[in-house]
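Inspection log for the structure reproduced underneath, given as structure tokens.
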Amino acid sequence: MAEIVIMVTGSSGMVGHGIQLALEEDKKPNEKWIFLSSKDADLRDREATKILFEKYKPTHVVHLAAKVGGLFNNMEHNCDFYTVNNQMDSVVLDLCKEYKVQKAVSSLCTCIFPEKITYPIDETMLHNGPPHFSSYGYSYAKRMIEVMNYVYNDQYGCQFTSIIPCNVFGPHDNFNLTGGHMLAGLIHKAYLAERYDQPFVIWGTGKPLRQFIYSVDLGRLIIWVLREYPEIEPIILAADEEDEISIRDTGELVVKAFGYQGEIVHDVSKSEGQFKKTASNAKLRKYLPDFKFTPIKQAIEETVDWFRKNYEIAKK
């Protein structure tokens, strides 16, 4: 069998590690996986990125690299999130075309969908209105990946597609208290509450609903998309709709994983983003009706265990 060389950008984060953990179960002998981070090149720099393509000669690319952050980081730096992501995505996909990459899979997320929309969201609704104001810079930049996938296919026949995960969490997440993701922030705050006997504070009322996907499950699904998913149209990778959970209940699972029994406080002065962004995984279920997602309680416990063991690294 011909060797397949898969170059993964942005692989130092939790999704890249999720792929690596998933590959321990399902690696094929003709696949060579190359995991790159920002230390290997600034992907906004075409010449620096071109050196990577020359060096590794990928037949396939999984493009995970992105400037990402939590709600408040996005609200304060919308221009940065737009320009950095747009630059990286444009360089990477154009070089995939130039080097005749057989397939490229890029990562989007459900926060880029319109703010005013009917639920559940599906893949056809991406451009049906403006995104939520809190992350419109990031959202518009990421929407352009879907546009690029189509135009490269129309003009050059490129097999570029994208995934749309719901809220991802797991080991190697960004646990920064101000710039990280919501669930990761709850884990960090619960750790500090337990350690210093402080109240555990949830920003907002805790009523908004979220779908989560464990990074290892996402890794398994990305491998499947790369190998088998045939469409240019993106595919939502999300847990089932009935598994949607409130931020309050998520926080309670986190504190239970720590064994914390102190006071839980809601800081209602803080913004909490969209109330819900329920995504349909009907297309995924059409292809993989029997895929088993890790139960969120188990996934949170495993993430908390990793965070405890790696606190000095994870807290940054």
Side-chain angles (χ1 to χ4, degrees), residues 14-16 18-19 21-22 25-26 62-64 66 68 103-129 131-132 135 138-139 142-143 145-146 149-150 160-170 173 181-183 208-247 249-250 253 273-300 302-303:
M14 68 171 163
V15 180
I19 294 173
L21 288 170
E25 310 166 354
D26 186 26
V62 176
H63 179 41
L64 303 177
V68 297
K103 188 173 184 179
V105 178
S106 299
S107 183
L108 314 182
C109 73
T110 52
C111 74
I112 73 177
F113 278 91
E115 175 186 10
K116 296 178 180 178
I117 199 168
T118 56
Y119 294 99
I121 299 163
D122 69 37
E123 292 84 355
T124 67
M125 302 161 73
L126 188 56
H127 302 285
N128 287 5
H132 193 267
S135 59
Y138 174 84
S139 298
K142 284 302 179 183
R143 284 187 188 188
I145 287 183
E146 194 226 19
N149 288 343
Y150 282 118
F160 298 168
T161 191
S162 49
I163 58 169
I164 309 177
C166 61
N167 297 274
V168 190
F169 74 98
D173 200 348
H181 298 124
M182 180 270 290
L183 203 160
L209 302 172
R210 295 292 181 263
Q211 278 169 297
F212 292 101
I213 184 169
Y214 190 35
S215 57
V216 182
D217 291 340
L218 181 57
R220 295 183 182 110
L221 290 170
I222 289 172
I223 294 167
W224 168 79
V225 169
L226 183 81
R227 292 171 178 168
E228 300 184 40
Y229 179 64
E231 302 181 35
I232 301 300
E233 184 181 69
I235 183 168
I236 289 172
L237 304 181
D240 300 316
E241 292 172 45
E242 58 265 29
D243 293 327
E244 197 170 42
I245 184 173
S246 72
I247 293 174
D249 289 344
T250 304
L253 287 176
Q274 290 174 258
F275 179 75
K276 66 182 296 182
K277 37 189 174 180
T278 314
S280 168
N281 67 0
K283 180 190 281 192
L284 175 64
R285 286 301 188 194
K286 180 185 75 173
Y287 283 105
L288 297 175
D290 299 322
F291 184 84
K292 297 289 191 298
F293 289 94
T294 305
I296 189 169
K297 180 177 181 292
Q298 175 187 336
I300 286 176
E302 291 178 5
T303 306

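Note that these values count all heavy atoms, side chains included, but never hydrogens, waters or copies made by symmetry.
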Contact check, side chains of Trp224 and Leu288, non-hydrogen atoms, under 4.5 Å: yes
Heavy-atom side-chain contact between Thr161 and Tyr150 under 4.5 Å: no
Backbone of Thr124 reached by a side-chain donor or acceptor of Asp122 within 3.5 Å: yes
Backbone of Ala239 reached by a side-chain donor or acceptor of Gln211 within 3.5 Å: yes
Side-chain (Thr110) to main-chain (Cys166) donor-acceptor, under 3.5 angstrom: no
Verdict with supporting geometry, Leu64 and Ile19, side chain to side chain contact (heavy atoms under 4.5 Å, CB included): CA-CA 11 Å; Leu64 303 177; Ile19 294 173; 4.0 Å; yes
Thr118 side chain reached by Met125 side chain, heavy atoms, under 4.5 Å: yes
Heavy-atom closest pair, residues Met14 and Val168: CE-O, 3.1 Å
From CA spacing to verdict: salt bridge (Lys or Arg N to Asp or Glu O under 4.0 Å), Lys277, Glu115: CA-CA 8 Å; Lys277 37 189 174 180; Glu115 175 186 10; over 6 Å; no
Pairing residues for Glu241 by the salt bridge (charged side-chain N to carboxylate O under 4.0 Å, His left out) criterion, not counting sequence neighbours: none
Derivation and outcome, side chain to side chain contact (heavy atoms under 4.5 Å, CB included), residues Leu108 and Ile145: CA-CA 8 Å; Leu108 314 182; Ile145 287 183; 3.7 Å; yes
Heavy-atom pair with the smallest gap, counting every atom of Pro131 and Cys111: CB-O, 4.5 Å
Whether Tyr119 side chain and Lys276 backbone form a donor-acceptor pair below 3.5 Å: yes
Chi angles and distances behind the side chain to side chain contact (heavy atoms under 4.5 Å, CB included) call for Ser162, Asn149: CA-CA 8 Å; Ser162 49; Asn149 288 343; 3.4 Å; yes
Stepwise side chain to side chain contact (heavy atoms under 4.5 Å, CB included) test for Ile296 and Asp243: CA-CA 8 Å; Ile296 189 169; Asp243 293 327; over 6 Å; no
Salt-bridge contact Asp217-Lys292 (side-chain N to carboxylate O under 4.0 Å): no
Side chain to side chain, Leu183 and Ile247, heavy atoms closer than 4.5 Å: no
Min side-chain heavy-atom separation Leu221-Ile163 under 4.5 Å: no
Residue pair Ile235 / Glu123, side-chain heavy-atom distance below 4.5 Å: yes
Phe169-Tyr214 aromatic ring centre distance below 6.0 Å: yes
Asp173-His181 side chain donor-acceptor pair, cut-off 3.5 Å: yes
Flag, side chain of Ser246 to backbone of Asp249, donor-acceptor distance under 3.5 Å: yes
Atom of Ile236, atom of Ala279 and distance for their closest heavy-atom approach: CG2-CB, 3.9 Å
Residues Arg227 and Asp26 bridged, charged N to O under 4.0 Å: yes
Thr278 and Glu244 side chains, donor-acceptor separation under 3.5 Å: yes
Glu146 vs Phe160 side-chain heavy atoms within contact, under 4.5 Å: no
Set of side-chain contact (heavy atoms from CB on, under 4.5 Å) partners for Glu231, sequence neighbours left out: Tyr229, Glu233, Lys283, Lys286, Tyr287
For Pro114, side-chain contact (heavy atoms from CB on, under 4.5 Å) partners two or more places apart: Ile117, Asn128, Arg143
Phe275 side chain near Leu209 side chain, heavy-atom distance below 4.5 Å: yes
Polar side-chain atom of Asn281 near backbone of Leu237 as donor-acceptor pair, under 3.5 Å: no
